[in-house]
Amino acid sequence: CTCRLKKRGQAGYRPCPVSVSPVSGGAETEAARERCKCFVYAGLSLCSLLSARKGRGLQESRWRWLKAALLLSSAAVGGLPLRSSLSAEEGVTEVLAHRGESLQHKFVEVPWSEDYDSHKRFEGCTPRTCGRGMTDAVITREKAERIHRIAERGLSLGGSDGGASILDLHSGALSLGKHFVNLYRYFGDKIQDVFTEEDFALYRDVRQRIQQRIAQAFGISAASMYLTKPTFFSRINNTEAKTTHDEYWHPHVDKVTYGSFDYTSLLYLSDYTEDFGGGRFVFMDVGSNKTIEPRAGRVSFFTSGSENLHRVEKVHWGTRYAITISFTCNPDHGIGDPVLM
């Protein structure tokens, strides 16, 4: 797959190559046409492969949850892989949040990226400044442990053969072997024995608290933000990757991978160096990397554009749990909180 990109300040175009496997086995036959989407980050050409797959008679109701699963797998494996001259193995040069410290609130503003000029703007929500926030004061460690137990119970129903498993309570997508199932359909009424209404109430409360903190940090209205997909639990260990879904360590930009994302947040549910090794979250800035060390109850959040190119280090031992909660400014891309079926 090759696309051509006109770089800022340069005349003419140059190829921007992409070599990415289809995101699912079904896509290998359905995605006869694939298109590249290129953009510029810090003067470098970055590409992501987007499928131009057409349904060709597939029923939307049959594929809705599967599409969500494919989106989730892209996120769980670090998004659709990007090729760039940035090395995935560059060392971290600054730790923004150490595991051993308790942060009331920390915010780092980063330069505005030009890709926002091409996005539709929503008054009171579209970022006026770009940045990254970290806090240990929004979700208590006790609540994080309760959320952790929800993730463990749900993921115990399945799990990837590789190192990265996901669970989406919204769509029902659950990793199972090398594929995904809809847990609500696959397990039926047995789900009532796994989750409770109190679990889902806690999930909603955590989402609301994170949404309010993001709004406060960026000076926007929480009411103008909408939960969007994919929003999911992730469980990562050092098992060898079996499919591209398990390759969570690739650098990516959320706004490129998922057009609806405007603000991304992560709630960590386990502790770096205590529950797992490796697995730090890394912002890949020009000339340096900056990392966040996971801590149970820690929330990190950031604007989803190319100003926040990032990746996750490979987990070397243990198990890393987290939940990704994403928000959009576009009400057309909003989703509701999950409901126990």
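These numbers come from the heavy atoms of this one structure, side chains and all, not from hydrogens, waters or symmetry mates. Positions are given from 1, in the same order as the sequence printed here.
- Residue Ile150 is grouped with residue Val194 when hydrophobic side chains (ILVMFWY) are merged at heavy-atom distances under 4.5 angstrom, including chains of intermediate members.
- Side-chain N or O atoms of Lys242 include one that pairs as donor or acceptor with a backbone N or O of Glu240 at under 3.5 Å.
- Ser260 OG to His333 NE2: the interatomic distance, rounded to the nearest 0.5 Å, is 6.0 Å.
- Distance check: Phe232 CZ to Ile166 CD1 gives 7.5 Å after rounding to the nearest 0.5 Å.
- If you take CD on Glu307 and SG on Cys130, they are separated by 3.5 Å, rounding to the nearest 0.5 Å.
- Smallest separation of non-hydrogen atoms from Pro294 and Arg280: CD-CA, 4.1 Å.
- With 3.5 Å as the limit, one finds a donor-acceptor pair spanning the side chains of Thr239 and Asn237.
- Here Asn330 contributes atom CG and Thr126 contributes atom OG1; the two are 9.0 Å apart, rounded to the nearest 0.5 Å.
- Donor-acceptor pairing under 3.5 Å is recorded for the side chains of Gln211 and Arg207.
- Side-chain contact annotation: His148 with Tyr268, donor-acceptor N/O pair under 3.5 Å absent.
- Closest approach of Tyr263 and Cys329 over heavy atoms only: CE1-SG, 4.0 Å.
- No side-chain heavy atom of Gln104 sits under 4.5 Å from any side-chain heavy atom of Asp136.
- Judged by distance alone, with hydrogens and angles left aside, the side-chain atoms of Arg320 form no donor-acceptor pair with the main-chain N or O of Ile236 at under 3.5 Å.
- Within a 6.0 Å sphere centred on CG of Asp189, heavy atoms belonging to other residues, nucleotides or ligands number 12 at most.
- Between Arg141 and Asp271 there is a salt bridge, since at least one side-chain N of the basic residue sits less than 4.0 Å from a carboxylate O of the acidic one.
- Atom CZ in Phe302 sits 6.0 Å away from atom CG in Leu266 (nearest 0.5 Å).
- Taking the side chain as every heavy atom from C-beta outward, Thr319 and Phe276 never approach each other to under 4.5 Å.
- Linking Ile, Leu, Val, Met, Phe, Trp and Tyr whenever their side-chain heavy atoms come within less than 4.5 Å leaves Tyr226 and Ile220 in two separate clusters.
- A distance of 6.0 Å or more separates the ring centres of Tyr184 and His170.
- A distance below 6.0 Å separates the ring centres of Phe261 and Tyr258.
- The shortest side-chain heavy-atom distance between Tyr203 and Thr231 falls under the 4.5 Å cut-off.
- Formation of a donor-acceptor pair under 3.5 Å by the Arg99 side chain with backbone atoms of Tyr272 is found in this model.
- In this pair, Tyr116 and Trp112 present their aromatic rings tilted. The plane angle is within the 30 to 60° band.
- The side chain to side chain donor-acceptor pair (under 3.5 Å) test with Ser304 is passed by exactly one of Asp262, Thr257, Thr328, Thr264: Thr264.
- A continuous path of hydrophobic side-chain contacts links Phe218 to Val299 [ILVMFWY only; heavy atoms under 4.5 Å].
- Criterion: ILVMFWY side-chain heavy atoms under 4.5 Å apart, direct or through other members. Under it, Phe122 and Ile335 are not part of a common hydrophobic cluster.
- Atoms CG and OG, on Asp168 and Ser234 in that order, are 12.0 Å from each other to the nearest 0.5 Å.
- Within a 6.0 Å radius of NE2 in His119, more than 12 heavy atoms belonging to other residues, nucleotides or ligands are found.
- There is a path of hydrophobic side-chain contacts, each under 4.5 Å, that joins Val108 to Ile292.
- Remark: side-chain polar atoms of Lys106 are paired, donor with acceptor, to backbone N or O of Leu96 under 3.5 angstrom.
- Looking at heavy atoms from C-beta onward, Phe233 lies out of side-chain contact with Tyr321 at the 4.5 angstrom threshold.
- Closest approach of Phe195 to Leu183, counting heavy atoms only: CE1-CD1, 4.4 Å.
- With Ser265 contributing its side chain and Ile325 its backbone, the two residues share a donor-acceptor pair below 3.5 Å.
- For the pair Arg298 (side chain) and Ser102 (backbone), a donor-acceptor distance under 3.5 Å is absent.
- Using a 3.5 Å distance cut-off with no hydrogens or angles, the side chains of Ser156 and Glu152 do not pair a donor with an acceptor.
- Nearest heavy atoms, Ala215 versus Ser221: CB-C, 4.1 Å.
- The main-chain N or O of His250 is found under 3.5 Å from a side-chain atom of His252 such that the two form a donor-acceptor pair.
- Defined by atom type and a distance below 3.5 Å, a donor-acceptor pair is missing between the side-chain atoms of Asp285 and Ser288.
- In this structure, a donor-acceptor pair under 3.5 Å is absent between the side chains of Thr228 and Ser326.
- Salt bridge status for Arg146 with Asp199: absent, with no side-chain N to carboxylate O gap under 4.0 Å.
- Under 4.0 Å is where a charged nitrogen must lie from a carboxylate oxygen, and between Arg132 and Glu109 no such pair does.
- Scanning both residues, Leu269 and Ile323, for their nearest heavy atoms gives CD1-N, 4.4 Å.
- Below 30°, between 30° and 60°, or above 60°: for His310 and Phe283 the angle between ring planes is above 60°, a perpendicular geometry.
- Side-chain contact of Asp246 with Ser160: a donor-acceptor pair under 3.5 Å is present, judged by distance alone.
- In summary, Asp161 and Lys178 engage in a salt bridge, as defined by a charged side-chain N under 4.0 Å from a carboxylate O.
- In summary, the side chains of Thr303 and Asn308 do present a donor paired with an acceptor at a separation below 3.5 Å, with no hydrogens or angles considered.
- Comment: Arg295 does not engage Asp275 in a salt bridge, judged by the lack of any side-chain N to carboxylate O separation of less than 4.0 angstrom.
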